[in-house]
> 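Right, I'll just put the structure down here and ask away after.
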Number of protein chains: 2
Amino acid sequence: MSRVEDMEAALRRAGVRITRQRSAILTVLSTAEDHPDANELHGRARALDAAVSLATVYRTLAVLEEAGVVHRHAFEGGGARFEAADVPHHDHIIDLDSGEVMEFRSEKIEELQAAIAAEHGFELVHHRLELYCRKKRQP
Amino acid sequence: MSRVEDMEAALRRAGVRITRQRSAILTVLSTAEDHPDANELHGRARALDAAVSLATVYRTLAVLEEAGVVHRHAFEGGGARFEAADVPHHDHIIDLDSGEVMEFRSEKIEELQAAIAAEHGFELVHHRLELYCRKKRQP
DNA sequence: CAAGTATTTGCAAACGCGTCGCAACTAGCG
DNA sequence: CGCTAGTTGCGACGCGTTTGCAAATACTTG
């Protein structure tokens, strides 16, 4: 069962109709290796099916986020960027020079975050951790 | 020497002119106990001096950020929020229900972040760590 | 498998937040 | 105090995103 079929099944369960446009967008998201923004997704989706408007991309992304099948990121500068949610949780490193986004995961940091929230009497719902970096120049 | 005077001195050193408007904005920032956005700052500044336009608030905030006397935050939902920079570095806990912003600092997390950046061949320039939380309900 | 209905779509106009060009003003210099 | 470059207010603009509306369509039900 493909990632797209999994996502569509999850959406149907949530009472969301599967339209041509939504399938196209899901296909794009499931094959993306990067973190595209709405405009980029629109371009890629239209390559699969000309009948996808930008407004629908935005509306669909809202639906997909609501259903938990995509994650929305708001890195510094520029608009929101998206990523299929069916991958293990991770945080991001952003290269300030190239804009490239990389992923990492630190169990230790995850634990510390939960501990800090608890110390303050809170339950951690989600977090955002972004490291804005520059390539280390080796001397 | 007040915080406003310190900030003005830093700005003069950077070759920035101190106008009535900028003084008003600095006063507002130095007395704010929260993390106001540009519009809120505009309202508070106008209460001190009617001659402050929103455009000037934005322009001044850009200057202040450039000079390092304020920090800009972009929490989820809504526009940028600001905070005087003459306080020790910290990260933020955001209460999802009330929108309230709290501060914390974890030396351990700071170290781990730097280590992770280094592992990936990067130099950490700055980071963003936000914990979105809900009050723990005690059973 | 056709009809019915609630959802979804495209379009274009509207939005919110932030920026900018321009003429008038003013801080800080001499 | 007068000069001049830096700063301001205003309204227009830009960009990413949202929305109202009429037409199109996915899923239900007979």
Side-chain angles (χ1 to χ4, degrees), chain A residues 4-5 7-26 28 35-46 48-67 69-82 99, chain B residues 4-5 7-28 35-43 45-46 48-67 69-82 99:
Chain A
V4 173
E5 283 164 340
M7 289 171 160
E8 290 188 353
L11 290 171
R12 268 183 228 277
R13 250 175 273 126
V16 173
R17 293 188 182 177
I18 306 304
T19 62
R20 287 197 303 138
Q21 292 78 340
R22 288 177 178 170
S23 286
I25 293 167
L26 287 172
V28 170
H35 298 73
D37 63 14
N39 204 51
E40 178 65 28
L41 286 169
H42 181 216
R44 296 186 198 176
R46 256 195 322 201
L48 297 182
D49 185 334
V52 184
S53 73
L54 183 55
T56 291
V57 171
Y58 278 109
R59 280 190 279 230
T60 298
L61 287 169
V63 168
L64 300 186
E65 191 188 8
E66 178 78 17
V69 309
V70 301
H71 288 149
R72 173 188 303 260
H73 301 296
F75 302 131
E76 289 180 0
R81 299 169 67 167
F82 300 86
Chain B
V4 173
E5 284 165 340
M7 289 170 159
E8 291 187 353
L11 291 171
R12 269 182 227 276
R13 249 176 274 125
V16 174
R17 291 190 183 177
I18 306 305
T19 62
R20 286 194 308 138
Q21 292 78 342
R22 288 179 178 168
S23 285
I25 294 168
L26 287 172
T27 300
V28 170
H35 298 73
D37 62 14
N39 205 51
E40 178 64 28
L41 287 169
H42 181 215
R46 256 195 323 199
L48 298 182
D49 184 335
V52 184
S53 74
L54 184 55
T56 292
V57 171
Y58 278 111
R59 280 189 280 228
T60 298
L61 287 169
V63 169
L64 299 185
E65 191 188 7
E66 178 77 18
V69 308
V70 301
H71 287 149
R72 173 188 304 261
H73 301 295
F75 303 132
E76 288 180 1
R81 299 168 68 167
F82 300 86

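Chain letters run A, B, ... following the sequence lines, proteins first, then strands; residues in each count from 1.
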> Rounded to the nearest angstrom, tell me the gap between atom CD in B/E65 and atom P in C/dG18.
12 Å
> Starting from P on C/dG18, measure out to CZ on B/F82 and report it in whole angstrom.
7 Å
> OP1 or OP2 of D/dT25 sitting under 4.0 Å from any side-chain N/O of A/Q21?
no
> Ignoring hydrogens and angles, tell me if any N or O in the side chain of B/T56 forms a donor-acceptor pair with the backbone of B/V52 under 3.5 Å.
no
> Of the candidate nucleotides C/dT7, D/dC10, C/dT26, which contains the atom at the shortest distance from the side chain of A/R17?
C/dT7
> Which nucleotide in the list C/dT9, C/dG18, D/dC27 gets nearest to the side chain of A/R12?
D/dC27
> Can you measure B/D37 atom CG to C/dG16 atom P for me and round it to whole angstrom units?
14 Å
> Starting from the 5' end of DNA chain C, give me the residue, B/G79 or B/R59, whose nearest nucleotide shows up first.
B/G79
> What is the separation between atom CD on B/E66 and atom P on D/dT7, rounded to the nearest whole Å?
12 Å
> Identify, between A/A55 and B/G78, the residue whose nearest nucleotide on DNA chain C lies closer to the 5' end.
A/A55
> Are the side chain of A/R22 and the backbone of A/R17 linked by a donor-acceptor contact shorter than 3.5 Å?
yes
> Side chain of A/T19: nearest nucleotide among D/dT19, D/dA26, D/dG9?
D/dA26
> Taking atom C1' of D/dT17 as reference, at what distance in whole Å does atom CD of A/E40 sit?
17 Å
> Check the distance between D/dT7's P and B/L26's CG and give it to me in whole angstrom.
13 Å
> Please state how far atom CG in A/L54 lies from atom C1' in D/dT19, giving the value in whole angstrom units.
13 Å
> By nearest heavy atom, map A/V16 and B/T60 onto DNA chain D; which one lands nearer the 5' end?
B/T60
> Are the side chain of B/Q21 and the backbone N or O of B/A51 linked by a donor-acceptor pair below 3.5 Å?
yes
> Just to be sure I understand the rule, does B/A62 reach a base, reach only the sugar-phosphate, or reach nothing, if contact means heavy atoms closer than 4.0 Å?
nothing
> Given atom NE2 of A/H42 and atom C1' of C/dG10, what is their separation to the nearest angstrom?
10 Å
> Under 4.0 Å, heavy atoms only, any strand: does B/R22 hit a base, just the sugar-phosphate, or nothing?
sugar-phosphate
> Would you say the side chain of A/I25 lies within less than 4.5 Å of the side chain of A/L41, judging by non-hydrogen atoms?
no
> Nearest to the side chain of B/Y58, heavy atoms from C-beta on, is which of C/dT9, D/dG16, C/dG18?
C/dG18
> So which nucleotide from D/dA26, D/dG11, D/dT19 ends up closest to the side chain of A/R20?
D/dA26
> If you count the non-hydrogen atoms of other residues, nucleotides and ligands that lie under 6.0 Å from CD in B/E66, is the total more than 12?
no
> By the 4.0 Å heavy-atom rule, please label A/I18 as base, sugar-phosphate, or nothing.
sugar-phosphate
